[in-house]
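First up is the structure itself, then whatever we jot down about it.
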Protein chains: 2
Amino acid sequence: MSPSSPSVTACAASPSRGRPREFDPDEALARALRVFWQRGYEGASMAELTEAMGIAKPSLYACFGNKEALFRKALDLYEREKLCYVKTALDAPTARGVAEKLLTGALATHCGETDPQGCLGVISAVTCGAEAETIRAEVIARRASSERAIVARFERARDEGDLSEHVDPEALASYLTTVMQGLSVKAGSGAGREALERIVATTLACWPSA
Amino acid sequence: MSPSSPSVTACAASPSRGRPREFDPDEALARALRVFWQRGYEGASMAELTEAMGIAKPSLYACFGNKEALFRKALDLYEREKLCYVKTALDAPTARGVAEKLLTGALATHCGETDPQGCLGVISAVTCGAEAETIRAEVIARRASSERAIVARFERARDEGDLSEHVDPEALASYLTTVMQGLSVKAGSGAGREALERIVATTLACWPSA
DNA sequence: CCTTTTATGTACTGATCGGTATATATTTCA
DNA sequence: TGAAATATATACCGATCAGTACATAAAAGG
């Protein structure tokens, strides 16, 4: 997102001395993201990661640091490319429109045909083998920040009058993200697209109309 | 709970030959459940399990089989003692009452003060390190069976007239379990009890009234 | 050509994983 | 007083974990 660091390649600051790298760090990171997305942080082994990325372990460590740093970079990529629907959803004209875009965006992202099922954030926040505690905390913090943005948007909606005065923006945002996280769990559990679409429709049917 | 198989001790069929066991299998299993509940199936190591159970590895393997069998027995215990609120909730007189009891039951179970936070089922269904694929399938299957029971209850409610004809029982049940699973994710992510109570209240406020 | 610099491939490290062999301790049955 | 049966404790198994040492390969600067 920030123009100063557009890609991961920036981790190699020097212009072009020494033997050139034989792989594209951005594509390698994209492949690593898929592995983390399927297996979670701890479930993804370095062997599986290196194989998917098409590189050997020393190359991985030289370019990305270690497993945790690699995961954080993958998480950045995930938020940048897969969670962008959240930002655009907040631009919808009404609170209900925001909810609709968030739900359909979550559905498209977590139940697509090319990407793994479920939400990397949910997978990483729930999984928890002691070692991954810092990762867990990081994911939870990022999620909280995005929920705050939804709260702010709903507060604006209330001020603008398209959300009833009787509805607490914070409670509504919390409820909405709960449904979204539940959707991710169901998607990761093999629920079909039609089933998830019905859930989205039901949620919107229940939505507190202005 | 059931009189035919009241405890895990039944796995030792013989009456009392040889050296007597020095630990209580039921309590050991309860302690193992807590570890699985915190760490997930793969995140729980045999070392952590044996330490929590207060026994050595050979005793564990002799009594419970292996890690996967131990997990299944722990899952049985979990459903029997922690998910019993689902069965009782289905006895509520109205569909809305069922939803209310399910939501408050989920809240009490996954956000208690003595037990680990979150839902063992959600944790196990989401976590996924290749090896645990059969465990994952088992957990998902059990969850599906309990969702079918809710669908049946809502169909009854529609037949009895306390649920609008315009509401699809299957969609409503699917929506409700989505919220419950989302609640588990939030509970496992450290959400406070008050926050979860607000979510439950919001869900019930949105509930399609008869 | 040679040095410097960076990347790669192979082979390795110690730690931990789930699971077990073996020897010993404690009980019941004969 | 054995002999059979069951449980325990210690120490180990091969496999895998994340991470690295080291030698070699390929580029740029001198």
Side-chain angles (χ1 to χ4, degrees), chain A residues 8-29 32 35-36 39-74 127-135, chain B residues 8-29 32 35-36 39-74 127-135:
Chain A
V8 190
T9 323
C11 66
S14 76
S16 64
R17 263 294 275 283
R19 178 174 174 175
R21 187 177 283 127
E22 293 181 355
F23 64 96
D24 176 7
D26 289 311
E27 184 179 332
L29 183 61
V35 177
F36 282 126
R39 305 291 188 200
Y41 174 67
E42 289 182 307
S45 71
M46 295 303 294
E48 197 174 4
L49 284 165
T50 52
E51 187 189 338
M53 299 166 81
I55 63 178
K57 286 163 81 175
S59 300
L60 190 156
Y61 279 85
C63 183
F64 298 102
N66 58 11
K67 188 183 179 182
E68 182 170 337
L70 175 64
F71 180 81
R72 283 174 203 274
K73 291 189 171 77
T127 304
C128 186
E131 155 205 359
E133 207 61 45
T134 71
I135 289 289
Chain B
V8 191
T9 323
C11 67
S14 76
S16 64
R17 263 295 274 286
R19 177 175 176 174
R21 187 176 283 125
E22 294 181 356
F23 65 95
D24 176 7
D26 289 311
E27 184 179 331
L29 183 61
V35 177
F36 282 126
R39 305 291 188 198
Y41 174 69
E42 290 183 307
S45 71
M46 295 303 295
E48 197 174 4
L49 285 166
T50 53
E51 188 190 338
M53 299 166 81
I55 63 179
K57 286 162 81 175
S59 300
L60 190 156
Y61 280 86
C63 182
F64 299 102
N66 58 13
K67 188 183 180 183
E68 182 171 336
L70 175 66
F71 179 81
R72 283 176 203 273
K73 291 189 171 78
T127 304
C128 187
E131 154 205 0
E133 206 61 47
T134 71
I135 289 290

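A note on names: the letters A, B, ... follow the listed sequences, proteins ahead of strands, and every chain is numbered from 1. Worth knowing before you read on, the calculation uses all heavy atoms, side chains too, and leaves out hydrogens, waters and symmetry mates.
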- Note on the structure: Closest non-hydrogen atoms of A/Met53 and A/Ala32, given as atom of the first, atom of the second and distance, are SD-CB, 3.8 Å

- Message: With a 4.0 Å cutoff (strictly under), does any side-chain N or O of B/Ser59 reach OP1 or OP2 of D/dT8?
- Response: yes

- Item | Atom-to-atom span, CD1 of A/Ile55 to P of C/dA7 - whole angstrom | 12 Å

- Query: What's the spacing between A/Arg21 CZ and A/Ser16 OG if we round to 0.5 Å?
  - Reply: 12.5 Å

Output side-chain donor-acceptor pairs under 3.5 Å for residues 56-64 of chain B, partner residues at least two apart or in another chain, one line each.
none

- Quick one: CD on A/Glu42 to CD on B/Glu42, what's the gap to the nearest 0.5 Å? 9.0 Å

- Item | Euclidean distance, atom CG of residue A/Leu60 to atom C1' of D/dG19 [Å, nearest integer] | 11 Å

- Once you round it to whole Å, what is the distance between C1' of C/dT27 and CZ of B/Arg21? 14 Å

List, with names and distances, any nitrogen or oxygen atoms from the protein found under 3.5 Å away from nitrogen or oxygen atoms belonging to nucleotides 23-28 of chain D.
from   : atom 1 : to      : atom 2 : distance (Å)
D/dA25 : N3     : A/Arg19 : NH1    : 3.3

Quick one: which protein N/O atoms are closer than 3.5 Å to N/O atoms of nucleotides 17-21 of chain C? Pair and distance per line, please.
from   : atom 1 : to      : atom 2 : distance (Å)
C/dC17 : OP1    : B/Ser45 : OG     : 3.4
C/dG18 : OP1    : B/Ala44 : O      : 3.3
C/dG18 : OP1    : B/Lys67 : NZ     : 2.7
C/dG18 : OP2    : B/Met46 : N      : 2.7
C/dG19 : OP2    : B/Tyr61 : OH     : 2.9
C/dG19 : OP2    : B/Lys67 : N      : 3.1
C/dG19 : O5'    : B/Tyr61 : OH     : 3.3
C/dG19 : N7     : B/Lys57 : NZ     : 2.9
C/dG19 : O6     : B/Lys57 : NZ     : 2.3

- Query: Atom CG of B/Leu29 and atom CG of B/Asp24: how far apart are they, to the nearest 0.5 Å?
  - Reply: 10.0 Å

- Item | From CG (A/Asp26) to NZ (A/Lys73), nearest 0.5 Å | 11.5 Å

- Note on the structure: When rounded to whole Å, the CZ to P distance for the pair A/Phe64 and C/dT8 reads 11 Å

- Item | Protein-nucleotide distance (B/Phe23, atom CZ; D/dA7, atom P), rounded to Å | 8 Å

- How long is the span from the CE atom in B/Met46 to the CG atom in B/Leu49, to the nearest 0.5 Å? 6.0 Å

- Note on the structure: Rounded to the nearest 0.5 Å, the CZ atom of B/Phe71 sits from the OH atom of B/Tyr41 at a distance of 8.0 Å

